[in-house]
Protein chains: 2
Amino acid sequence: MQEYEKIFRDFLKRRGLKLTEPRKLILDAAFSVHHHFTVEQLFRLVKAESSLVSLATVYRTLPLLIEAGLLQQSMRSSSRDSFEHILGHPRHIHWICETCGAVIESDLDEVKPIVESDAERFKFELREIKLNVIGLCWKCKQSENNLQ
Amino acid sequence: MQEYEKIFRDFLKRRGLKLTEPRKLILDAAFSVHHHFTVEQLFRLVKAESSLVSLATVYRTLPLLIEAGLLQQSMRSSSRDSFEHILGHPRHIHWICETCGAVIESDLDEVKPIVESDAERFKFELREIKLNVIGLCWKCKQSENNLQ
DNA sequence: AGACTTTTTGAGAACAATTCTCAAAGGAGT
DNA sequence: ACTCCTTTGAGAATTGTTCTCAAAAAGTCT
Ligand SMILES: [Mn+2]
Ligand SMILES: [Mn+2]
Ligand SMILES: [Zn+2]
Ligand SMILES: [Zn+2]
């Protein structure tokens with residue numbers, strides 16, 4: 001059994017919930033993608049495996065996966081939320097290109113201690129750091145220069 | 001004339017657009033609030049001044065105010081975007097309490113240089129740093145402890 | 001001022017992402 | 001098999017946002 005399955009199973013048990021077939025399919029689909037995905041994309045993946053699962057169940061299962069600490073909502077672009085699994089894949093910075101939508105990732109190592117000490121100062125119980133940087137990726141910057 | 005009005009007027013002129021009465025009312029409303037507001041809240045403020053302005057025009061004017069550098073979209077909570085004016089009010093960190101929704105702000109001074117040097121390394125043209133920290137404010141942390 | 005052109009507007013329809021409803025099905029314990 | 005929950009699919013409903021379009025307003029030129 002995959003580690004993520006064990007984690008989800010335990011989480012559900014603690015809540016008095018069951019790891020049903022639809023939930024299992026959604027879980028596996030979420031861990032079969034190694035980049036960001038939207039609800040729609042996740043739904044299509046699940047449907048490819050078994051057309052039995054409904055979109056409503058995908059929407060219902062997502063918050064459970066997040067509460068279990070397996071997934072994170074990482075960005076929002078073109079009015080859709082993007083998710084990604086975070087097991088063994090710590091939270092990170094997202095560099096989002098305004099022009100082409102490309103997303104680069106980099107680690108939070110340098111930023112984290114600063115935020116943590118601020119949190120201590122504010123007596124704020126830190127649960128999640130969400131750092132998104134908006135701008136122009138090098139490719140788009142280049143082609144913009146070429147136009148001029 | 002307020003500085004923000006001059007900035008908006010100039011911005012509109014550059015675009016061949018006009019500072020009309022509805023746009024002026026929306027602009028003033030946005031600068032009459034000194035905290036975060038949703039579209040709905042801005043609309044209600046404008047309507048209080050003059051019931052002539054429509055919600056569609058508020059939606060149409062918001063991106064103009066943002067492009068003019070007067071407003072920023074700062075957070076998203078309970079599926080609504082929050083905005084705030086940023087004239088003479090640099091971008092900052094938002095500390096968002098998961099329980100009560102309270103938002104604390106703090107400056108980006110320590111984080112900014114780190115992100116800037118990363119940007120240089122990635123040849124990324126940085127336009128905006130969006131740093132939101134999710135967790136528990138000290139009040140909610142306290143009352144959570146008292147329950148146990 | 002009048003004619004012409006372009007921009008802007010309000011009202012409501014349309015749209016799209018998400019949530020809700022509800023009756024049927026499933027599962028664990030007895 | 002009976003009871004008591006939980007879960008589900010399907011589609012309706014909701015909600016934030018965008019679009020459409022005809023009318024009004026604001027220039028511009030004469
Ligand atoms: Mn990521
Ligand atoms: Mn703010
Ligand atoms: Zn790009
Ligand atoms: Zn709180």
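Just so you know, these numbers use all the heavy atoms, side chains as well, and skip hydrogens, waters and symmetry mates. Labels below follow one simple rule: chain letters A, B, ... track the order of the sequence lines, proteins then strands, and each chain is numbered from 1.
B:D10 and B:R14 are not joined by a salt bridge, as no carboxylate oxygen comes within less than 4.0 angstrom of a charged side-chain nitrogen. Between A:R80 and A:E40 there is no salt bridge, since none of the side-chain N atoms of the basic residue sits less than 4.0 Å from a carboxylate O of the acidic one. The pair B:R127-A:E98 meets the salt-bridge criterion, with a side-chain N (NZ, NE, NH1 or NH2) lying under 4.0 Å from an Asp/Glu carboxylate O.
The nearest whole Å value for the distance from the CD atom in A:Q41 to the P atom in C:dT18 is 12 Å. Atoms CG (A:L62) and P (D:dT8) sit 13 Å apart, rounded to a whole Å. One interatomic measurement links the two molecules: CD of B:E21 to C1' of C:dT7, which rounds to 16 Å at whole-angstrom precision. Look at NZ on B:K24: it is 18 Å from C1' on D:dA26, rounded to the nearest Å. Regarding B:L17, its CG atom lies at a distance of 15 Å from the C1' atom of D:dA25, rounded to whole Å. In this structure, A:Q73 atom CD and C:dA17 atom C1' are separated by 14 Å, rounded to whole Å. Straight-line distance from the CZ atom of B:R9 to the P atom of D:dA26: 13 Å, rounded to whole Å. Note: CG (A:L19) to P (C:dG27) measures 12 Å, nearest angstrom.
In this model, the phosphate group of C:dT8 is not approached by any side-chain N or O of B:T57 to a distance below 4.0 Å at OP1 or OP2. At the phosphate of D:dT8, OP1 or OP2 sits under 4.0 Å from a side-chain N or O atom of A:R23. Residue A:T20 has a polar side-chain atom (N or O) positioned under 4.0 Å from OP1 or OP2 of D:dT8.
A donor-acceptor contact under 3.5 angstrom links the side chains of A:K130 and A:Q73, judged on distance only. Side-chain contact annotation: A:H89 with A:H34, donor-acceptor N/O pair under 3.5 Å absent. A donor-acceptor contact closer than 3.5 angstrom links the side chains of A:H36 and A:E105.
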Protein N or O to nucleotides 11-19 of chain D N or O, pairs below 3.5 Å:
unit_1 : atom_1 : unit_2 : atom_2 : d
D:dG16 : OP1    : B:R80  : NH2    : 2.7
D:dT17 : OP2    : B:Y59  : OH     : 2.5
D:dT17 : O5'    : B:Y59  : OH     : 3.3

Please tabulate the protein-to-nucleotide N/O contacts below 3.5 Å involving nucleotides 3-6 of chain C, giving atom names and distances.
none

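Annotation for B:F124 and A:V133: closest pair CZ-O, 3.9 Å, computed over non-hydrogen atoms. Considering all non-hydrogen atoms of both residues, A:F37 and A:E84 come closest at CE2-CA, 3.9 Å.
Taking the six-membered ring where the residue is Trp, B:H94 and B:H92 present perpendicular rings, their angle passing 60° and hence far from 30°.
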